[in-house]
There are 2 protein chains.
Amino acid sequence: MPGAKYNVIYDSLKEKIEEAVYAYANMLPSEHQLVEEYDCSRNTIRRAIRQLADAGYVQSIHGKGVQIIYQKQEQAEFLLSGIESLKEAVARNKQEYTTKVICFAELTVDERMEQRTSFPVGTEIYYLQRVRYIEGEALIIDHNYFRRDVVKDLTPEIAEKSVYEYMEQVLGETIVTTKRKLTVEKMTELDTKYLDMKGYNCLAVVSSHTFNADGVLFEYTQSRHRPDRFVFFDQAQRIK
Amino acid sequence: MPGAKYNVIYDSLKEKIEEAVYAYANMLPSEHQLVEEYDCSRNTIRRAIRQLADAGYVQSIHGKGVQIIYQKQEQAEFLLSGIESLKEAVARNKQEYTTKVICFAELTVDERMEQRTSFPVGTEIYYLQRVRYIEGEALIIDHNYFRRDVVKDLTPEIAEKSVYEYMEQVLGETIVTTKRKLTVEKMTELDTKYLDMKGYNCLAVVSSHTFNADGVLFEYTQSRHRPDRFVFFDQAQRIK
DNA sequence: TGGTATTTGTCCGTATGTATC
DNA sequence: GGATACATACGGACAAATACC
């Protein structure tokens with residue numbers, strides 16, 4: 001819920017950290033102070049702080065306070081984070097992009113495909129190949145597999161815009177969880193045909209399984225990125 | 001805290017999911033049922049479930065229940081996840097490894113180095129280059145930068161074993177947060193000298209900044225992985 | 001050295017809202 | 001509409017780590 005109290009507080013604190021009102025290496029006000037400032041319970045403040053920690057903005061130190069560990073990224077060429085469509089990622093990075101659909105097919109999952117996609121044999125799917133141009137450069141080739149009973153009536157025209165937007169705004173579907181695997185793979189003929197590989201002989205490959213609000217695995221995607229413009233950020237806390 | 005109630009419940013549920021007592025695509029028992037089973041408050045159950053969701057085991061569906069989305073990984077060759085030392089990662093994957101220190105130096109951070117490491121100019125550091133052999137194969141080259149005032153009295157002998165183990169068990173330091181950046185870079189002469197690149201001309205590069213319990217950035221590391229054995233897993237929830 | 005205040009961590013109980021069935 | 005299930009929010013109590021005098 002975007003309008004929830006803890007999210008409002010999270011956004012407020014995040015902005016203050018990004019604008020260095022609360023600066024790197026300093027402490028956040030204590031939970032008690034924040035409770036007074038935002039007029040809420042301690043649990044609500046703690047929830048907002050937990051989200052800040054998950055996002056890599058702060059870390060809590062028992063008995064001391066909450067330390068700010070956020071530092072501004074310099075030149076985030078292309079930043080992939082959380083679950084978001086390419087359209088969203090590009091918008092966040094204030095860039096332009098276009099998509100060319102080079103393959104659009106309706107298939108039924110066989111045993112070989114079940115291995116990769118985790119769709120049961122017999123599932124009816126759309127299979128797409130799409131080339132993504134960012135700022136005019138061909139940077140990514142996507143191989144998408146969508147369940148036809150979830151992503152209904154998909155067309156090449158929709159696939160040239162945003163499948164996620166179509167799902168959420170037209171079909172009323174909600175995307176919830178994505179599990180991703182990141183590897184580096186040698187390039188294929190298809191890669192070299194569509195991407196200017198700039199001397200690299202391999203690509204950054206993001207393979208993802210995505211679940212909707214019903215807990216149904218509805219998408220398997222392999223995104224093959226030209227290495228020079230690919231960046232992936234991650235943040236982890238050690239279990240105490 | 002490992003012994004905390006919510007962690008005990010988390011571990012218990014995780015194990016049941018991994019052993020398919022609660023199987024893929026099924027629902028977890030309701031929060032109410034789990035409260036009775038584990039004799040605790042609903043908050044504690046919810047906390048355990050949240051951790052399961054963060055780890056990619058389940059996803060909650062409002063009004064319906066908690067869906068299990070965990071599927072066993074087949075052959076995880078080398079799995080990098082969370083914050084852990086190479087020693088821990090290798091142990092988890094039940095493999096053998098050795099380390100060769102090919103450079104061990106004490107330096108002072110200059111402006112050029114400040115850019116990459118985020119250490120202030122003038123910081124006294126150890127700079128190490130280490131080759132990591134897993135199952136006898138040279139797979140990784142690490143470039144480590146450690147603050148000398150935190151990682152005290154480091155020696156090549158310690159660096160051949162485990163720096164994290166030394167920090168936690170000897171120095172009593174606690175590692176808390178790691179921020180990582182993942183890129184793909186062309187190989188250097190050093191890479192080709194020590195790694196058998198198997199025809200690849202680039203590597204998976206994990207750059208990480210690590211903070212201790214005092215909120216001090218004490219480590220910057222660049223790990224350069226031979227691509228064919230590198231896998232990175234990630235899991236994300238879409239903000240509702 | 002020791003005691004007290006501060007701050008974060010854990011856990012519980014309750015009430016209300018919202019989505020699903 | 002009613003029952004069930006998850007989501008949000010509040011409040012309180014005690015523990016544990018730290019800081020300060």
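Here is the naming used below: chain letters follow the sequence lines, and residue numbers restart at 1 for every chain.
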**OP:** Evaluate side-chain hydrogen bond (donor to acceptor under 3.5 Å, both in side chains) for A:Thr99 paired with A:Arg132, printing each intermediate quantity in order.
**Re:** CA-CA 5 Å; A:Thr99 296; A:Arg132 311 292 207 147; 3.0 Å; yes
To the nearest angstrom, how far is [X] atom [atom1] from [N] atom [atom2]?
{"X": "A:Gln67", "N": "C:dT7", "atom1": "CD", "atom2": "P", "value": "15 Å"}
{"X": "A:Leu52", "N": "C:dT8", "atom1": "CG", "atom2": "C1'", "value": "15 Å"}
{"X": "B:Met27", "N": "C:dT20", "atom1": "CE", "atom2": "C1'", "value": "10 Å"}
{"X": "A:Gln59", "N": "C:dT8", "atom1": "CD", "atom2": "P", "value": "13 Å"}
{"X": "B:Gln51", "N": "C:dT10", "atom1": "CD", "atom2": "C1'", "value": "12 Å"}
{"X": "B:His32", "N": "D:dC6", "atom1": "NE2", "atom2": "C1'", "value": "14 Å"}
{"X": "A:Glu36", "N": "C:dT6", "atom1": "CD", "atom2": "P", "value": "12 Å"}
{"X": "A:Ile45", "N": "D:dT8", "atom1": "CD1", "atom2": "P", "value": "16 Å"}

Which atoms of nucleotides 11-15 of chain D (N or O only) lie under 3.5 Å from a protein N or O atom, and what are those distances?
| from | atom 1 | to | atom 2 | distance (Å) |
| --- | --- | --- | --- | --- |
| D:dG11 | O6 | A:Asn43 | ND2 | 2.6 |

OP1 or OP2 of [N] under 4.0 Å from side-chain N/O of [X]:
{"X": "A:Thr44", "N": "D:dC10", "answer": "yes"}
{"X": "A:Lys5", "N": "D:dC10", "answer": "yes"}
{"X": "B:Tyr6", "N": "C:dT10", "answer": "yes"}

Testing D:dC6, C:dC12, C:dT10 for proximity to the side chain of B:Arg47, the answer is C:dT10
Regarding the side chain of B:Lys64, the nearest nucleotide among D:dC6, C:dC21, C:dT10 is C:dC21
Can you find a side-chain donor-acceptor pair between [X] and [Y] that sits under 3.5 Å?
{"X": "A:Glu219", "Y": "A:Tyr164", "result": "yes"}
{"X": "A:Tyr166", "Y": "A:Glu168", "result": "no"}
{"X": "A:Tyr220", "Y": "A:Thr210", "result": "no"}

Sequence neighbours excluded, the answer for salt bridge (Lys or Arg N to Asp or Glu O under 4.0 Å) partners of B:Glu36 is none
Can a cation-pi geometry be assigned to A:Arg47 and A:Tyr6, taking NZ or CZ under 6.0 Å from the six-membered ring centre and within 45° of the ring axis? yes
Worksheet item: Is there side-chain contact between B:Ile9 and B:Ile45, with at least one heavy-atom pair below 4.5 Å?
Response: yes
Closest to the 5' end of DNA chain D, once A:Gly3 and A:Ile61 are matched to their nearest nucleotides, is A:Gly3
Would you mind classifying the nucleic acid contact of B:Arg46 as base, sugar-phosphate or nothing, using non-hydrogen atoms under 4.0 angstrom?
base
